[in-house]
Number of protein chains: 2
Amino acid sequence: MSPRRSVAETRLTRDRIVERGVAAASVDGLEGLTIGQLAADLGMSKAGVLGHFGSKEALQLALLDAAAAAFARIVWRPAELEPPGLPRLRAVCETWIDYLEHERQIFPGGCLFTTAAIEFDARGGPVRDAVARLHKLWRRRLVAEARTAVATGDLPRGTDPEQVAFELVGLFMALNQEIQLFADPNAAQRTRRALHRLLATAEHQQ
Amino acid sequence: MSPRRSVAETRLTRDRIVERGVAAASVDGLEGLTIGQLAADLGMSKAGVLGHFGSKEALQLALLDAAAAAFARIVWRPAELEPPGLPRLRAVCETWIDYLEHERQIFPGGCLFTTAAIEFDARGGPVRDAVARLHKLWRRRLVAEARTAVATGDLPRGTDPEQVAFELVGLFMALNQEIQLFADPNAAQRTRRALHRLLATAEHQQ
DNA sequence: CCTACCGATCGGTAGG
DNA sequence: CCTACCGATCGGTAGG
């Protein structure tokens, strides 16, 4: 006898759960998310949902993983077509802004990584570690591109790459808040203005 | 017969609940906070805690109120000693940074307003409205000081006050994340560097 | 401000 | 992937 559901079907079901779970977590947070509500949204039983992951924590890690893969595809991959340094840094900032502007399609409640960082920054455990790891990874990449931009002379000598990355992240966070809390349609333009100033004329030396 | 507890005693109990509740909400969020855990922390019954407020939503609003009063006292009041415009803007940014650096005393889990904004930005209701109102109030004040600074010539002609306020908020958010998620001791210095550049040499014209 | 209690829901398990 | 169930906890109420 064949199993009641094939491996491929099981995989599809898991994907459905993850897609819906990511959207739900963007609204209620990874901790605020409940398995019962997610199951009801999907027309499944709680046990049916939980069976794919084993525990809520494993589900949270799976949702983070899937969200990070989507973020890499949307924000980082297109920028890899640009040469390293300032061109690539500019490109990733542009895709990042576009992502924050249109994230409602994938994250109806706003950037899951921002939500998760706030939710877990005062705790310990594997989920907090995974969230911090993602933020560090993206920060390191921004720093690396800024460093290359300084080396090639596209950013002024003496520019501190860490400082550039720090300020970029601040702009993205401000943009996310402006969109989610105030629904300000000018926020993206404001962010681009700050961005161009930061990457064109700024001096980052102490 | 006198009542079992005087009005003054009742007030003191309420203050104890609020102080502990603000600290707990900074860790778990205004929604993640539970009345049962708060009551246990205080050595009280759930009904004893809830009786002071009537509902969890009313408790959340009371905690926001108390936190906003503390924020006004710590960040805004000292800056009022400075003349309006750039001096006052600089002063409030300094007190804001100091507050974020030392907030663990009042907010062990990090800035409650940042947490609450993320927690409620995808919802409706009175708590979301109160959170948005606070953020808008502080933003308006930053804009007003920046506008005065432009009028007095302390910031370059053509500087957009809204743009300055937006970028300042981004710096504060980045600092909060840096402290809470990464515990980076250099974060405050980095923020001051960005701040001085923003308020000294930047051109904010389109 | 307490005890005692309400229905609802939580994450998770047993067994099929 | 389901039903049926577990103990724990949720916000809130009654009554004193």
Side-chain angles (χ1 to χ4, degrees), chain A residues 1-21 24-25 27-64 116 119-120 123-128, chain B residues 1-21 24-25 27-64 116 119-120 123-128:
Chain A
M1 290 240 305
S2 68
R4 301 228 308 278
R5 280 173 179 79
S6 70
V7 172
E9 282 171 330
T10 299
R11 177 70 207 210
L12 280 176
T13 301
R14 198 194 126 107
D15 290 348
R16 272 184 69 230
I17 297 171
V18 168
E19 184 180 352
R20 187 69 72 99
V27 174
D28 297 319
L30 282 170
E31 198 64 33
L33 175 78
T34 75
I35 294 162
Q37 190 55 57
L38 180 56
D41 286 351
L42 291 161
M44 291 175 62
S45 66
K46 288 198 304 177
V49 169
L50 201 51
H52 284 269
F53 308 95
S55 69
K56 183 173 180 182
E57 185 175 280
L59 169 62
Q60 292 170 325
L61 291 170
L63 298 183
L64 262 186
E119 213 175 0
F120 285 89
R123 311 184 187 186
V127 180
R128 188 227 145 89
Chain B
M1 291 238 304
S2 68
R4 302 226 311 276
R5 281 175 178 79
S6 71
V7 172
E9 282 171 329
T10 299
R11 178 68 208 211
L12 280 176
T13 301
R14 199 194 125 106
D15 289 348
R16 273 184 67 231
I17 298 171
V18 168
E19 184 180 352
R20 187 69 73 100
V27 174
D28 296 319
L30 283 170
E31 198 64 32
L33 176 77
T34 75
I35 294 161
Q37 189 53 57
L38 180 56
D41 286 351
L42 290 160
M44 292 175 62
S45 66
K46 289 198 304 176
V49 169
L50 201 50
H52 285 268
F53 308 95
S55 69
K56 183 173 179 180
E57 185 175 278
L59 169 63
Q60 292 170 325
L61 291 170
L63 298 182
L64 261 186
E119 215 175 357
F120 285 90
R123 309 183 188 187
V127 180
R128 188 227 144 89

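Heavy atoms only: backbone and side chains are in, while hydrogens, waters and symmetry mates are out. Quick note on labels: first sequence line is chain A, next is B, and so on, each numbered from 1.
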How long is the line joining [atom1] of [X] and [atom2] of [N], in whole Å?
X	N	atom1	atom2	value
B:L38	D:dG11	CG	P	10 Å
B:D41	D:dT9	CG	C1'	15 Å
B:F53	C:dC1	CZ	P	10 Å
B:H52	C:dC2	NE2	P	9 Å
A:E31	C:dC10	CD	P	13 Å
A:R11	D:dC1	CZ	P	13 Å

Give me the atom names and distance for the closest heavy-atom approach of [X] to [Y].
X	Y	value
A:F120	A:R128	O-CG, 3.1 Å
A:V127	A:E57	CG2-CG, 3.8 Å
A:L30	A:A25	CD2-CB, 3.9 Å

Just call it for B:L59: base, sugar-phosphate, or nothing, with non-hydrogen atoms closer than 4.0 Å on any strand. nothing

May I ask you to say what A:L42 touches in the nucleic acid, namely base, sugar-phosphate or nothing, with a heavy-atom cut-off under 4.0 Å?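 Result for A:L42 = nothing.
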
Between [options], which nucleotide has the shortest distance from any of its atoms to the side chain of [X]?
X	options	result
A:L50	C:dC1, C:dT13, D:dT13	C:dT13
A:K56	D:dA14, C:dT13, C:dG12	C:dG12
A:S45	D:dA14, C:dG12, D:dT3	D:dT3
A:I35	C:dC1, D:dT13, C:dG11	C:dG11
A:M44	D:dC1, C:dC10, D:dC10	D:dC1
A:T34	C:dC10, C:dC1, D:dC2	C:dC10

Between B:E9 (side chain) and B:S6 (backbone), is there a donor-acceptor pair under 3.5 Å? yes

Any chance you could lay out the side-chain contact (heavy atoms from CB on, under 4.5 Å) test for A:E119 and B:E119, step after step, and finish with the verdict? CA-CA 8 Å; A:E119 213 175 0; B:E119 215 175 357; over 6 Å; no

Answer with yes or no whether B:K46 presents, from its side chain, a donor or acceptor under 3.5 Å of a partner atom in the base of D:dG11. yes

Please determine whether side-chain contact (heavy atoms from CB on, under 4.5 Å) holds for the pair B:H52 and B:T10, giving the CA-CA distance in whole Å, both sets of side-chain angles, and the decisive distance to 0.1 Å. CA-CA 9 Å; B:H52 285 268; B:T10 299; 3.6 Å; yes

Does a sphere of radius 6.0 Å around CZ in A:R11 hold more than 12 heavy atoms from other residues, nucleotides or ligands, not counting ones at 6.0 Å or beyond? no

Give DNA chain C the dot-bracket treatment, 5' to 3': Watson-Crick (N1-N3 with N6-O4 or O6-N4) or G-U (N1-O2, O6-N3) under 3.5 Å, [ ] crossing, | other strand. ||||||||||||||||

